[in-house]
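Lettering of chains follows the sequences in order, A, B, ..., and the numbering in each one begins at 1.
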Amino acid sequence: MAAIDHQKELNRAGANVEGWWQHTVHLARRYPLGAIGAVMVFIFVMAAIFADVVAPHDPLQTSAAHSLNAPDGSMVFGADMMGRDVLSRIIHGARISLAVGIGSMLLGGIIGVVIGLMSGYLLGWFDLITQRIIDIMQALPLLVMALVMAAALGPSLENTIIAISIPLVPQVARVVRSSTLSLREMPFVEAARAGGMSEWRVAVRHVLPNTVAPLIVLGTAQLGSAILTEASLSFLGLGVPEPYPSWGRMLSESAAEYVRTAPWLVIFPGVAISAAVFGTNLMGDALRDILDPRERS
Amino acid sequence: MSDASTSPAQPSSATAAPVLKVNGLKKHFPVKKGLLSRTVGQVYAVDGVSFEIGAGETLGLVGESGCGKSTVGRTVLRLIEPTAGEIEVDGVDIAKLDKKALRDYRRQMQIIFQDPFSSLNPRMSAGDIVGEPLMVHNIAQGKDREDMVAQLFERVGLRAGQLTSLPHQFSGGQRQRIGIARALALNPKLIVGDEPVSALDVSIQAQVINLLMDLQNELGLSYLFIAHDLAVVEHISHRVAVMYLGRIVEYTDKKSLFKNPQHPYTEALLSAVPIPDPEIKREKVILEGDVPSPINPPSGCHFHTRCPYATEQCRVETPLLKEQAPGHWVSCHLR
């Protein structure tokens, strides 16, 4: 039988963790995939915030001389047909992706939480009607519904956020409703009622916080699909309009025409989309484990 | 467990007005079926229950699973709305109060739950759980509230240093103490204990029961103590009510119940209590069959389907709760 190194086991379990830095290192060791995801998301967010500083060129600066330049020393990811630097456009495109992703996730999340909580709490006719509407919405794929919404609202940044957020509502509402249905029967909720708390307070203080764990996982997954949907909408010409650089539109402008002659126009925006979605999903999985209160030390 | 020093103190005012008076309490749950939720039947969970609890008194409520004893506890607190009957607290029938007026009476009655795990919000600190009722009723704010919560912690045997800990960091017994501190926060007159020790280890059970009895002596609390463990009930109660299928079948002081049970169901229950002495042989009354469904309870006396002495009268006529001897109420045609 192998000897157990107690000190090593204790360290692995996080016995001597002190301060936020050690704590972060400890979490990164326990959840290596989550750490990779977090780093990817961090780079993504930083690129979006500091795009003006980080980008080597002006993303809107056209130049006939550099049209379709292959990647080289000055333009690492090459240039598009109008001679704009692809790397700079990807860095600036992160802003759009992040704004649309987080914006529609939050908007859809808030609407979904309110509907789900009311549905699970009030039951009766309100529940019956909202749940049937949600059934109808869930029958349609995310992209199709976002497409219809975007086409109806017209292309702009705000409208894109709204168009993507509405199809995200049903999932959130369902998750919150089902948690609410089981939580409202829990003894601690009864105790809160026996303590004379209003139904509103019971719902917000005792039921809602306990639905958070599944919501965070769902939220990060939705952040990924919102980014992807934005790219798809822009690819189809219904997303964020010119001149903002959007990853999806960068793909669509070049995919058919230049995929053979200038593959960097397709590869790099594609990699950016994949990396952003993959990173948020990895981080979301790790967050679910970390945010469980029973795991907190 | 029947050591004289740990037996319950005598109620201070047995003759004064009761803290809680329940009269003809009924709770029927509708059974719904189909698309239009038609009511196809009723579960007669509680079917006409009456009792009184005096100041500083403990009433034990015993019975098998599903006999409606927990429903009685929750209905008394109006966590479940009663179908019929009166619930008098301090002479006021709270069964008819609207939600707003009920809030003030909530302060006088609290509840302790069976499961120490699901009865505490996992995302609130122990101090917040105990302090929340104080905040909601505007009793104390800020520093005052912290002080009161710390005092409550001390009173139930927890350290003030544990105020910021989350529920999962406590053991089962400690969690039950947090539940007790929460119930005490509003300084209630009556506490409903819904099997408050059944989920705990035996050694912890004794600690929690002694804590409850100490609190009763100090604060003059009344308890409605719901349990299925007769030894625990014998230890803590002054009087005991035995329930069977939604009705009270026997209701008397502890001594006469355990020494001189009158109802055949009580006899059977008591004979099932194990005696910790292999030499003593006793005649066991073994009941046949299962508890009938409360959806379609038997006619007449609910117990006639399993009673060894049942007669034709028992099958037809519902027996009333009669005072057999002073203070000893039995619901049986044969006594």
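Counting all heavy atoms, side chain and backbone alike, I226(B) lies closest to G73(B) at CD1-CA, 3.8 Å. Closest approach of P167(B) to I129(B), counting heavy atoms only: CG-CD1, 3.8 Å. In terms of heavy-atom proximity, G224(A) sits nearest to V277(A) at O-CG2, 3.5 Å.
Within residues 182-202 of chain A, the residues approaching chain B closer than 4.5 Å by heavy atoms are, in numerical order, M186(A), P187(A), F188(A), E190(A), A191(A), R193(A), A194(A), G195(A), G196(A), M197(A), R201(A). Heavy-atom neighbours of chain B within the stretch residues 162-181 of chain A, taken at a separation under 4.5 angstrom, are nonexistent.
Residues M124(B) and H206(A) meet the side-chain proximity criterion, which asks for heavy atoms closer than 4.5 Å. Taking the side chain as every heavy atom from C-beta outward, V130(B) and I178(B) approach each other to under 4.5 Å. You'll find the side chain of H23(A) reaches within 4.5 Å of the side chain of L27(A), heavy atoms only. Contact of the R78(B) side chain with the M109(B) side chain is not registered, since no non-hydrogen atoms from C-beta on lie closer than 4.5 Å. In this structure, the side chains of E86(B) and K21(B) stay at 4.5 Å or more apart for every pair of heavy atoms. Residues I227(A) and V100(A) form no side-chain contact, since every pair of their non-hydrogen atoms from C-beta on lies 4.5 Å or further apart. Considering only heavy atoms from C-beta on, D90(B) comes within 4.5 Å of K189(B) through its side chain. With contacts defined as side-chain heavy-atom distances shorter than 4.5 Å, the pair F51(B)/L20(B) qualifies.
The candidate with the highest count of non-hydrogen atom pairs below 4.5 Å against chain A, out of L120(B), L186(B), V192(B), L77(B), is L120(B). Of all the listed residues (H137(B), Q114(B), K99(B)), the one sharing the greatest number of non-hydrogen pairs under 4.5 Å with chain A is H137(B). If you tally non-hydrogen atom pairs under 4.5 Å between each of A185(B), S119(B), P133(B), A183(B) and chain A, the highest count goes to S119(B).
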M148(B) and I139(B): CA distance, side-chain angles, deciding distance, side-chain contact (heavy atoms from CB on, under 4.5 Å) verdict: CA-CA 10 Å; M148(B) 283 179 80; I139(B) 294 170; 4.2 Å; yes
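Neither the backbone nor the side chain of R107(B) comes within less than 4.5 Å of any heavy atom in chain A. At a 4.5 Å heavy-atom cutoff, the contact between Q110(B) and chain A is made by side-chain atoms alone.
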